[in-house]
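One structure is given below, encoded as structure tokens.
Everything numeric here is computed off the predicted structure, so don't read it as measured data. Just so we're on the same page: letters track the sequence lines, and every chain starts at 1.
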Protein chains: 2
Amino acid sequence: MPSVTVENYLKHLLLLAEETAGLVPMGALSTALAVVPGTVTTMVKSLAAAGLVVHRPRQGVKLTAAGRRLALGVLRKHRLVETFLVQVLKMHWSAVNAEAEQLEHAISDTVLDRLDALLGHPATDPHGDPIPSRHGKLRSQVYATLATCPLARPVRLVRITEQSAEFLQFAEQHGLLPGASVRVTDRNLAAGLVTVQRPRGQPVALSLAAAGRILIEPAR
Amino acid sequence: MPSVTVENYLKHLLLLAEETAGLVPMGALSTALAVVPGTVTTMVKSLAAAGLVVHRPRQGVKLTAAGRRLALGVLRKHRLVETFLVQVLKMHWSAVNAEAEQLEHAISDTVLDRLDALLGHPATDPHGDPIPSRHGKLRSQVYATLATCPLARPVRLVRITEQSAEFLQFAEQHGLLPGASVRVTDRNLAAGLVTVQRPRGQPVALSLAAAGRILIEPAR
DNA sequence: CCCACCATTTTGAGTAGTCAAAATAATTTC
DNA sequence: GAAATTATTTTGACTACTCAAAATGGTGGG
């Protein structure tokens, strides 16, 4: 049975692999896990010895098939728990990431399956993040973002890839939830500012970085 | 924040205190936690240093007020989670103890309160064990058991103080659930055997030890 | 009263994970 | 193409558990 620590290393590696081509640099893992780089080196070596990752010294790490399988299991738990907390316990979507961070390591597969059934086998969590299937399939689609989409065209928000409670509260206050329809009215690269207009309401200004964390698809 | 280990030591200490007058012997804790006695000694000394228990060398341990407060919190999580698993996820009562053992250390007070509300603030878990209140009150009543109650009189089962899955499955198969009405028709001390009759059905034979784990109150 | 037996404690050692800080390698800069 | 910067690795040390096995202290029987 993998320890909580191992599960966290694998999960973050999976998450980082989504936004990194090839190997994940040690430094990225180090900041994601909030441990010093030396610790990551030590730990990654032991994960490699266990056959869960491949370590290319001075270059980076990546999951093996076995490591990825485990990581997908943890991610599935995380996202199903988040969905449960929002849909059944009516918690705010900005609070559930922190809770799921703990519960993902304590919940058994049996309980998870019951939860999954209770929720009607959801495909995504409340942030629009895809939930890995029971058999380790992860629907990973490449979406445009509010930082890259064409101007003026109506688009539908599908996913918010930013977990910080502050950002999620801000997003919700301005109606920037998965499913919402908006238009980007202006994008000022010099100022790093994106202006978003939703059907009824004030325009909202976002940093380019923030806009890049909101994934969209063409509406209508 | 107390570690999982500390939470377990405190919880078991609270449980053992219920069935032990005065100090809990180190050996009892050792078997309850499935660690060697030397480990318990070491650990208890550090709990004592943290002000969570009082350690009388060569005699035993007991919780301080602070330790008891923490232990009650853990027990509340355990029993509310069990109730949730049975009532909402429809799991079998024989399976939920093991699950709750893990979840009790991962669930936050916020989530717990939501769960409590969802369940309608239950007073007991599916085994009839009382759930400590949010403010650390534990209804602890002394009941008779099937090993001590008068013969032939109708009695109502209120609580099964035995967590092993095998026993609980056996109990359920013979209708020995909290709320059930039965009569003890025979008690043979020499053979250590108790015979129980429920309204419609075959008589059930129990060991004296098992009967002592089934708490009852006079029916009607 | 002494011995044997029991529970408990001590001692020494191991594992998993972490940090701080020095050493090393790779990359960028000039 | 050497020097400076930055990322990574190494080293040594620490915390929180844990076990095995030896030492110790009470208790109860003869």
*asked:* For A:Arg187, I'd like to know if atom CZ has over 12 heavy atoms of other residues, nucleotides or ligands within 6.0 Å.
replied: yes
*Under a 4.0 Å N-O cut-off, is there an ion pair linking A:Arg76 with A:Glu104?*
no
*Would you say D:dT10 has OP1 or OP2 under 4.0 Å from some side-chain N or O of A:Lys45?*
yes
*Using a distance-only test with no angle check, is there a side-chain donor-acceptor pair under 3.5 angstrom linking B:Glu7 and B:Thr5?*
no
*Could you tell me the separation between the CG atom of B:Leu146 and the CD1 atom of B:Ile160, rounded to the nearest 0.5 Å?*
8.0 Å
*Could you state the CG-P distance from B:Leu10 to D:dC17, rounded to the nearest angstrom?*
11 Å
*With a 4.0 Å cut-off on heavy atoms, is A:Ser3 in touch with a base, just the backbone sugar-phosphate, or nothing at all?*
sugar-phosphate
*Is any NZ, NE, NH1 or NH2 atom of the basic residue among A:Arg159 and A:Asp129 found under 4.0 Å from an Asp or Glu carboxylate oxygen of the other?*
yes
*Return no unless some side-chain N or O of A:Tyr9 is found under 4.0 Å from OP1 or OP2 of C:dA16.*
no
*Can a salt bridge be assigned to the pair A:Lys77 and A:Asp109 using a cut-off of 4.0 Å between side-chain N and carboxylate O?*
yes
*May I ask you to list the residues of residues 11-42 of chain B, by number, that have any heavy atom positioned under 4.0 Å from an atom of DNA chain C?*
B:Pro25, B:Met26, B:Gly27, B:Pro37, B:Gly38, B:Thr41
_Sorted by number, the residues of residues 52-60 of chain B with heavy-atom contact under 4.0 Å to DNA chain C_ = B:His55, B:Pro57, B:Arg58
*To the nearest Å, how far apart are B:Asn8 CG and D:dA16 C1'?*
15 Å
*asked:* Side chains of A:Asn97 and A:His78 only: does a donor on one sit below 3.5 Å from an acceptor on the other?
replied: yes
*Using modelled atom types only, decide if a donor and an acceptor are shared between the side chain of B:Arg79 and the backbone of B:Pro130 within a distance under 3.5 Å.*
yes
